[in-house]
Every structure is written in C-alpha cells, then in structure tokens.
Amino acid sequence: MKESKSIIANIKKGQIAPIYFLMGDEPYFIDEIANYIENNVLSEDEKGFNQMILYGQDVSVSDIVNNSKRFPMMASHQVIIVKEAQNLGNSIEDLVPYVENCTPTTVLVMCYKYKTLDKRKKLVKSLAKNGVLLESKKLYEKDVIPWISEVLKEKKYTIQPKATQMLVEFLGTDLSRIANELDKLAIIVPQNSEITPEIIEKNIGISKDFNNFELRRALGERDELKTMRIINYFADNPKDNPIVVTLGTLYTFFQELLAYHGLTDQSDQNVAKVLGKNPYFVKEYHIAARNYPMKTVSGIIEKLREIDMKSKGVGSVNMSQSDLLKELVIKILR
C-alpha cells in the first residue's frame, strides 16, 4: 500500500506528525506504521520515560489526552501508541479538541482496526488538517500478488509467478499471515535467491502439484488424469483442501473465462489488464477458452452453484466432499 510506505518514508526523513490515526479493515498496514514508530522514533535510552503503550478497552479519551499533553523527558518527543482504539466507541469524537491543538512534542498513534470513522463527523476533518489519517483497505487478490513480490524485493529476493500464486491460493489475502511466512523464508533461504515452488513446498508445506491452482490449470487443459489425481489428493487431505475454497477458486476462474470470451481484444496485454492477472498466467485463459466455449462456461458456472448448494446440505444425501468434487469435475470434463 503506497500510503503506508509514504508515511514511513516521511518519518525516516524526520517529518513526524503529532498524531497518526490508522483505521480500516486491513490490520497489516496499521501494524506496519505503528511498529515502525514504536521501534524507530525514540532511541532505546529515550523509550523508558517517553514511550507508552495504551489499550482502548483500558483507557478513556480523557486518559489519552492527559498523557498526550505531557512533555518529554530528555528527548525531543514522547510516543504514545493506543492499540485497539476502536474499543473507545463513540467517545472517540471527544478527541477533536486535542487534535485541533496537538502537543507538538507528542507523537500520538491511534490504531483503530476493522472499523473506519464516520467521514461526516468533525474528527475526520480535524485529523486530515492537523495529522495523518490513513484508511487501510483490504487488498484484492490481484493486488496481493504484486505486494508479495514487492515485500520480497525489499528483503532482496525474487519469486516465480507460480510460487506467488501458491501462496495466495493457500493463505488467501491475509497479509499478516503471508508476511509471517515470508519472514520465515527469509531466515531459511539466502538473500539474492529466487523463491521457487519447490522452496514453498519444502518450507511452508504447500504441495506444488496438488493444489487449487493446479486443479484450475488441469481443468482448463481438460487433462482428466491430472484432474482426478488432484481430486483424489484432496480427498485424502480434506482439512488442508476445504471444498469451499476449491469451489470459490473454480467459480472465479470460470467467471473470468466468461469475461475473456466477451473481449474483442484477446491479446495477452489486454487480457492481463482486464482480468487483473500476471501476464505469465494469460496463456491458461487462451487454452481454456479453446476447450470451453462461452455457452459451455455458462453451464459450468451453473454446475458450480449446484455443487455449492449440495456442499451446504441442500439437495444432497450423505455426499462426502470427495464425492461432490468428483461429481463436479465429471460434469465439467464430460
């Protein structure tokens, strides 16, 4: 997220705001900024008297303001970080008078996770004028993939497209969870290395051959043997391969394939742009489109909806996850 990088870059330059209000549904960027301030604004010697961590459920806005009005001891600033600030509830609006007259030697960081302020209220306008207001939004899958590459680049690694896709297929769009796995890889794998599917499989435990990404590819190529091998692997490892994730992956793929059929310009560049995909994967859509005409794709999407309902207990009689997936792929392939 460019905004969080910009905020940290300004802090590195010494451009420190008196208040940082970090809100939104994506906790990763909130933690990234708060942790950077906690670890870097004050020296270790200064932190003892001048750095304080508070929690929203344990304090009031009045407590926060009173602490923020104190002056630092033998340091240029004091840092106050309020975690779980969303627990302050509606009283958060009581922060307005302080925001309008911040103590310049205090760096107040409000971590307001999983919620956003009412933009019609005075607090938002005051924060935008007198401090730094960040709205941390969840990333879409198409944005997570380049984000992984950027994080690894900062750590002096590169990553193969398939390895990136494996991470997203297995870990979803949970940036904190992905970042934790990348940190583990950075401990094990030497810098200036390329992260490959084999490295992901060995160190994170994601199968490079039996996953939803490979299932999608096998179906796109109408490779019945490979498809059934993957389905059988899923049947043997149901906890690691829940049907809800598989159905979601396939539904997205065939919806994208339907959109592909509707394009007048099916060049690699345009397909990648419209579908929000890495150009490396565009070939899969060319192949799948030849194997599945538009009318067939529409029928497959209906079949996916039908199996989804059955997986939720509607119209099925004691059908296992394995049986449902086998029924689905047979209907798709034949």
Side-chain angles (χ1 to χ4, degrees), residues 1-6 24-26 28-29 135-153 158-175 178 195 197 200 206 208 211-223 226-227 230 244-308 328-329 331-333:
M1 188 177 186
K2 293 180 180 179
E3 291 90 341
S4 64
K5 296 298 181 188
S6 177
D25 295 326
E26 180 48 72
Y28 177 83
F29 298 112
E135 183 174 353
S136 180
K137 297 179 181 180
K138 284 280 186 185
L139 297 186
Y140 295 108
E141 180 180 325
K142 67 181 179 67
D143 300 315
V144 173
I145 289 173
W147 175 81
I148 290 172
S149 296
E150 187 63 31
V151 170
L152 286 171
K153 183 179 178 182
T158 57
I159 185 169
Q160 292 183 4
K162 181 180 175 180
T164 307
Q165 191 70 40
M166 287 170 62
L167 286 170
V168 175
E169 290 284 354
F170 188 72
L171 301 173
T173 57
D174 186 334
L175 300 190
I178 295 171
I195 305 300
I200 297 293
I206 309 171
K208 67 179 177 66
N211 55 63
N212 286 312
F213 170 68
E214 290 298 327
L215 175 62
R216 188 185 76 184
R217 175 182 287 178
L219 284 170
E221 295 174 353
R222 297 190 74 91
D223 186 334
K226 184 176 180 182
T227 297
I230 295 172
V244 63
V245 177
T246 299
L247 292 177
T249 300
L250 296 180
Y251 184 81
T252 299
F253 176 65
F254 283 103
Q255 283 278 27
E256 291 169 343
L257 192 56
L258 195 63
Y260 173 97
H261 276 299
L263 296 175
T264 53
D265 178 2
Q266 294 180 345
S267 65
D268 288 0
Q269 183 178 6
N270 191 57
V271 171
K273 179 181 177 182
V274 173
L275 299 185
K277 297 294 178 181
N278 187 309
Y280 174 86
F281 299 109
V282 168
K283 182 181 178 182
E284 291 181 30
Y285 293 87
H286 294 318
I287 294 172
R290 290 196 294 269
N291 287 325
Y292 301 97
M294 180 180 280
K295 186 176 180 180
T296 302
V297 174
S298 297
I300 289 171
I301 290 172
E302 287 303 313
K303 291 181 178 70
L304 280 161
R305 290 177 177 147
E306 176 189 331
I307 296 297
D308 180 54
L328 174 64
V329 299
K331 286 182 176 181
I332 291 175
L333 292 170

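For V168 against I148, the heavy-atom pair with the smallest separation is CG2-CD1, 3.8 Å. Contact between H261 and P293 at its shortest, heavy atoms only, is NE2-C, 3.6 Å. In terms of heavy atoms, Y251 sits closest to I301 at CE1-CG2, 3.6 Å. Residues P161 and F281 share a closest heavy-atom pair of O-CZ, 3.5 Å. The two residues I200 and A163 come nearest to each other via the heavy atoms CG1-CB, 3.9 Å. Summarising the geometry of N211 relative to I230, their closest heavy-atom pair is O-CG2, 4.1 Å, with the distance given to 0.1 Å.
For the pair Q160 (side chain) and K162 (backbone), a donor-acceptor distance under 3.5 Å is absent. In this structure a side-chain-to-backbone donor-acceptor pair under 3.5 Å is present from Y292 to L219. A donor-acceptor pair under 3.5 Å links the side-chain atoms of N270 to the main chain of D265, judged by distance alone.
Under 4.0 Å is where a charged nitrogen must lie from a carboxylate oxygen, and between K277 and E284 no such pair does. K138 and E26 are joined by a salt bridge, as a carboxylate oxygen and a charged side-chain nitrogen come within less than 4.0 angstrom of each other. A salt bridge does not link K303 to E306: none of the charged side-chain nitrogens sits closer than 4.0 Å to a carboxylate oxygen.
With rounding to the nearest 0.5 angstrom, the CH2 atom of W147 is 9.0 Å from the CG atom of L152. The CG atom of L167 lies 10.0 Å from the CD1 atom of I145; values are rounded to the nearest 0.5 Å. To the nearest 0.5 angstrom, Q255 atom CD is 12.0 Å from I300 atom CD1.
No side-chain heavy atom of L304 sits less than 4.5 Å from a side-chain heavy atom of D308. Contact check for T158 versus K153: no side-chain heavy atoms found under the 4.5 Å cut-off. Here the side chains of Q165 and E141 are in contact, with some heavy-atom distance below 4.5 Å. With a 4.5 Å cut-off on side-chain heavy atoms, L250 and L328 count as touching. Counting heavy atoms from C-beta on, the side chains of E214 and K226 come closer than 4.5 Å.
For the side-chain contact (heavy atoms from CB on, under 4.5 Å) with Q266, the qualifying choice from T264, L263, D268 is L263, the only one to do so. With respect to M166, the side-chain contact (heavy atoms from CB on, under 4.5 Å) criterion is satisfied by exactly one of I159, I206, L171: I206.
For the 3.5 Å distance criterion, the side chains of Y260 and E256 fail to qualify, holding no donor opposite an acceptor.
Within 6.0 Å of the CD atom in E302, the count of heavy atoms belonging to other residues, nucleotides or ligands exceeds 12.
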Worksheet entry | Derivation of the side chain to side chain contact (heavy atoms under 4.5 Å, CB included) call for L139 and F29 | CA-CA 11 Å; L139 297 186; F29 298 112; 4.2 Å; yes
